[in-house]
Amino acid sequence: MSGGRRAFLKSGVAAASVALLPAPLRAQGAGPRVVIVGGGFAGGSCARALRQADPRLAVTLVEANPTFTACPFSNAVIGGLRELGAQQFTYERVAAAGITLARGTASAVDASARSVTLADGARLPYDRLVLAPGIDVRWGALPGYDEAAAARMPHAWRAGEQTLLLKRQIEAMPDGGLVVIAAPANPFRCPPGPYERASLIAHYLKTKKPKSKLIVLDAKDTFSKQRLFQAAWAELYPGLLEWVPLSKGGAVTAVDAATTTLVTDFGRHQAAVANVIPPQKAGRIAEAAGVADRSGWCPIDPATFESKLVPGIHVIGDAAIAGAMPKSAFAANSQAKACAAVVARLLAGAAPATPKLINTCYSLVAPDYGISVAGVYQPSGGQLADVPGAGGVSPANAPRGARAAEAVLAEAWFRTITAEVFG
Ligand SMILES: Cc1cc2nc3c(=O)[nH]c(=O)nc-3n(C[C@H](O)[C@H](O)[C@H](O)COP(=O)(O)OP(=O)(O)OC[C@H]3O[C@@H](n4cnc5c(N)ncnc54)[C@H](O)[C@@H]3O)c2cc1C
C-alpha cells in the first residue's frame with residue numbers, strides 16, 4: 001500500500017471520529033436515552049463512541065449473547081491456523097465504560113411509543129434507537145438449504161459453532177476428498193470472505209491433504225480483490241483450487257444435504273465437505289421494526305444513518321444499505337463512530353456534521369501473505385459513494401516481503417478494533 005494512501009486513510013479516521021458537542025440539555029443520569037440493538041462491531045463501537053461523545057447520555061446495549069465471536073480471522077480458524085478462543089470477547093469492559101447491558105433478544109420495536117421490547121417482555125424506552133443486528137440467513141432462498149441442512153453443509157458465516165463444524169469436517173475428510181464452497185450473489189457480508197476462506201482451506205489441504213481438491217462455485221463473474229487472489233492462487237495453489245464463475249456454471253441453484261450435493265444448471269457436484277454461503281438479509285429485528293425494505297436490507301440517509309422508512313431509528317453495520325461501502329467490520333466501526341456523532345449532536349439540539357468514512361479489508365491468502373482493499377466514502381446523490389481517487393488495492397507485483405507485512409497489518413488491525421470495542 002502506498003504512503004499516500006495510508007496518509008489519506010489516517011485523515012479519514014480523524015474525519016470519522018466523534019466530534020465535540022455543545023453542552024447537553026439534561027443533567028448526568030437523566031440524559032437522553034439511546035438504545036442500541038446488537039453488540040457486534042457496529043453496535044459495540046457505537047455504544048463506546050456515544051459514551052465518549054457525551055458521558056451524560058444513558059446508553060443501553062441490547063445483546064443476545066454473553067460472548068461475541070468475531071468473524072474476521074475466523075477463516076484462519078477453519079484453516080487450522082488459529083483457535084476459536086482468539087475470536088471471542090466478553091462485555092465486561094463495555095459495562096465498565098458506563099454502558100448499561102441488556103442481555104436478551106430484542107423482538108419488537110414500537111416506533112411511535114419509542115420503545116424496544118425484549119423476548120422476555122421487558123420494555124426499553126428510547127429517545128434515539130440504533131439497530132446494529134448484523135445479518136440473518138435467508139433460509140429457503142436456496143432450495144434445500146434450511147437450518148437442518150446447515151448442520152450438514154455449514155455456512156460458517158456467523159462465527160462460532162458453525163466455524164468449528166466446518167473445520168472439523170475438513171479435518172475428518174480423507175486425503176483426496178473434494179471440498180466445495182458455494183459463494184453467493186451480491187450483496188452479502190464480507191465480499192472478499194469466500195475467497196480468503198478458499199485460500200486458507202487450500203493452504204490446509206496443500207500442507208495436510210495434498211491429493212484433495214477445492215472448487216469455488218460462484219454466483220458472480222467478478223469478486224473483490226479478484227486479480228490479487230487469482231495471481232496468488234496460481235502461485236500458491238496451482239491445480240488444487242478451482243474457481244467456477246457464474247458464466248461457467250458456478251451458480252448453485254439447489255442443494256441436497258443428505259448427499260452433500262450442490263446443483264448448478266451445468267451439473268451436480270458431490271462434495272466430501274460442502275460450505276454453503278447462502279443469500280443473506282439484515283438481522284430479523286430490522287424487519288420487525290419496519291426498517292428493512294423488500295431487498296431485506298435497510299435503506300438509510302447516508303449522512304445520518306437514520307432509516308428512510310422509520311424516523312428516530314438509525315441502522316448501521318451489515319444490516320444497512322451503505323451504498324459503495326462493503327459489509328465489513330471495519331466499515332461497521334466507521335459507520336458506528338459517524339452515527340454516534342450524529343446521534344449525540346441531534347440529542348443535544350445541534351445539527352449533525354457530514355461524515356467521511358473509511359474501510360480497509362485485509363485478506364490472508366496464506367499465513368504470511370496478506371492483501372487489502374481500501375476506500376473512502378461520503379454522502380453523495382442520496383448514497384454513500386466512493387471519494388474519487390481515494391483508496392485502492394495492494395500493488396499487483398509486490399514482493400513477498402510486502403505481502404508478509406500486510407499479513408502482520410491485518411492481525412494488528414484485528415487487535416486494535418477488538419480492543420476498541422471490547423477492551
Ligand atoms: C468469514 C468472515 C470473515 C470476515 N473477515 C472480515 C475482515 O477480515 N475484516 C472485516 O472488516 N470484516 C470481516 N468480516 C465481516 C464482519 O464480520 C461483519 O461485516 C461485521 O461483523 C458486521 O458487524 P455488525 O455489527 O453489523 O454485525 P455483527 O458483528 O454480526 O454483530 C451483530 C450483533 O447483534 C446481535 N443481535 C442481532 N440481533 C439481535 C437482537 N434482535 N437482539 C439482541 N442482539 C441481537 C448479534 O448477537 C451480534 O452480536 C468477515 C465476515 C466473515 C463471515
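Whatever order the structure lists ligands and atoms in, that order sets their numbers, starting from 1.
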Counting heavy atoms only, which of [options] comes nearest to [atom]?
atom: atom 47 (O) of ligand 1; options: Glu196, Arg103, Glu63; value: Glu63
atom: atom 30 (O) of ligand 1; options: Arg189, Lys327, Arg158, Arg284; value: Arg189
atom: atom 16 (C) of ligand 1; options: Ala329, Ala70, Cys361; value: Ala329
atom: atom 43 (C) of ligand 1; options: Ser45, Pro133, Gly104, Gly38; value: Gly104

Fill in: Phe223 and Trp243 aromatic centres sub-6.0 Å
yes
Worksheet item: Is the distance between the ring centroids of Phe41 and Phe68 under 6.0 Å?
Response: yes
Discussion item. Under 3.5 Å between any N/O of Ala42 and any N/O of ligand 1: does that happen in this structure?
Written reply: yes
Practice prompt. Could you tell me whether some N/O pair between Cys190 and ligand 1 is separated by less than 3.5 angstrom?
Written response: no
Worksheet item: Is ligand 1 under 4.0 Å from a heavy atom in the side chain of Arg197, in the backbone, in both, or in neither?
Response: side chain
Worksheet item: Between the side chains of Glu420 and Ser45, does any donor sit under 3.5 Å from an acceptor?
Response: no
Worksheet, complete the sentence: Contacts of Tyr377 meeting ring pair (Phe, Tyr, Trp, His ring centres under 6.0 Å) (sequence neighbours excluded), chain-then-number -> none
Worksheet item: Of all the heavy atoms in Ala319, does at least one lie under 4.0 Å from an atom in ligand 1?
Response: no
Fill in: Any Ile181 side-chain heavy atom under 4.5 Å of Ile277 side chain
yes
